[in-house]
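Remarks on the structure that follows.
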Amino acid sequence: MSGYQCETSTAPKKSGLHISEKWLPLLLVFFGIMSSIATDAGYLVLIPLAGLLYAGLGKNPIIGMAAAFAGVSAGFSANLIPATPIDVIIGANARIFAQAQNVPFTRHDGQPLTPATMHYYFILISTGVLSVAGAIVTARFVTPKLKDTPWSLPDDLKIDNFSLSDAEERGLKASFFGLLGALAFIAWLALYPLAPYTDASGNRVVPYLDNVILLITLVFTITGIVFGTASGKFHSVANVVQAMVKQMDAMGYILVLTFFCYNFLSLLSYSGMGTWITWLGASLLNSLGLQSFPVLLIIGFIITTAFINIFVGGLTSKWMLLGPIFVPMLYQVNNQMTPDIVAAAFRVADSSTRSC
């Protein structure tokens, strides 16, 4: 995450200064979506940068901030890169929720699911769809409404600060070659030490998919270190460690929340309350005849999650609250409602109501 955040503060600057204004909303929405690789960093880094970019172009900065906010919020669960922190939080916990009540952690065809990558095609397509939709809304509705609205900047804000420094230029150029080197190293690992094979039982094992989180971590770590070294931000190993520690500080609230959530899950399992709630909900849905209408089950779950989102905004806390109940319950109603389908519906509801 630290490597990615270093570059999200410079990549929009570099791109924004060389791209046509026509494509600028698309770029900002896309960068907002991609910022989910570093969880909430987009809210802190990208949105202010987008406003500064529009101000530097002599346009209302609210337009740029709105486009970036749409990407960061509505596209919070989408990305081009698999195994983001959100993928891991949702996928790993979906497996735990399923196993707690003996629900098979497989796709509808019986193939086992990989928690960190089970939604990759879904988030890949979502990235393109949401980028285009956000750009169209910005161009057709937001820009005409705000372009003639008077605006001003604080006296102490320097627009010149938006231009890239020589050090940042060096860092971006070096990080490109660092990225190529990291990808070559990952390709070597996937082809040799982590190459697929067939085990003694005849099952095909793909080690690089099981280690995808480590591989992506290596890509961003190598690229980030190269950027930091070339730009002068890193002068020693201690600087690298300090940057990583700074980013890990943000993980503290997740660790505390996870501790209490897993205790809650253990309480549900130990007392049998989770099984009883699941049975009660499944019986109600069956009595309504919804077992034959999986689409209605998905829509109902999306609406329920969107409503809960009004009161519980955090993705992790909301998933820890709803997942232990709905993952097994919906599967009991219709066995086509596998854990990956339920988790995907949760992602749709969470991200679509974040920007409201």
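Throughout, residue positions are numbered sequentially from 1 according to the sequence presented.
More than 12 heavy atoms of other residues, nucleotides or ligands shown are found within 6.0 angstrom of NZ on Lys318. Counting heavy-atom neighbours within 6.0 Å of Trp151 CH2, excluding the residue itself, gives a total above 12. Within 6.0 Å of the CG atom in Asp166, the count of heavy atoms belonging to other residues, nucleotides or ligands does not exceed 12.
Although no hydrogens or angles enter the test, the distance criterion places no donor-acceptor pair under 3.5 Å between the side chain of Asn334 and the main chain of Leu330.
Residues Met65 and Leu53 share a single hydrophobic cluster, defined by chaining ILVMFWY side chains whose heavy atoms lie under 4.5 Å apart. Under a hydrophobic clustering in which Ile, Leu, Val, Met, Phe, Trp and Tyr are joined whenever their side-chain heavy atoms come within less than 4.5 Å, directly or via other members, Leu218 and Ile81 fall into different clusters. Hydrophobic clustering of Ile, Leu, Val, Met, Phe, Trp and Tyr side chains at less than 4.5 Å, counting indirect connections, unites Leu296 with Val333. Hydrophobic clustering of Ile, Leu, Val, Met, Phe, Trp and Tyr side chains at less than 4.5 Å, counting indirect connections, keeps Tyr208 apart from Val212.
Listed here is the closest heavy atom pair of Ser175 and Thr223: O-CG2, 3.7 Å.
Under the side chain to side chain contact (heavy atoms under 4.5 Å, CB included) test applied with Leu146, the options Thr143, Thr149, Asp148 reduce to a single match, Thr149.
Residues that satisfy the side chain to side chain contact (heavy atoms under 4.5 Å, CB included) test with Leu124, not counting sequence neighbours, are Leu80, Tyr120. Looking at residues two or more places apart in sequence or on another chain, you find a side chain to side chain contact (heavy atoms under 4.5 Å, CB included) between Asn239 and Phe234, His235, Ser236, Gln242.
Taking CG of Leu315 as the start and CZ of Arg347 as the end, the distance is 8.0 Å to the nearest 0.5 Å.
Looking at Met34 and Asn79, their side chains come closer than 4.5 Å, going by heavy atoms from C-beta outward.
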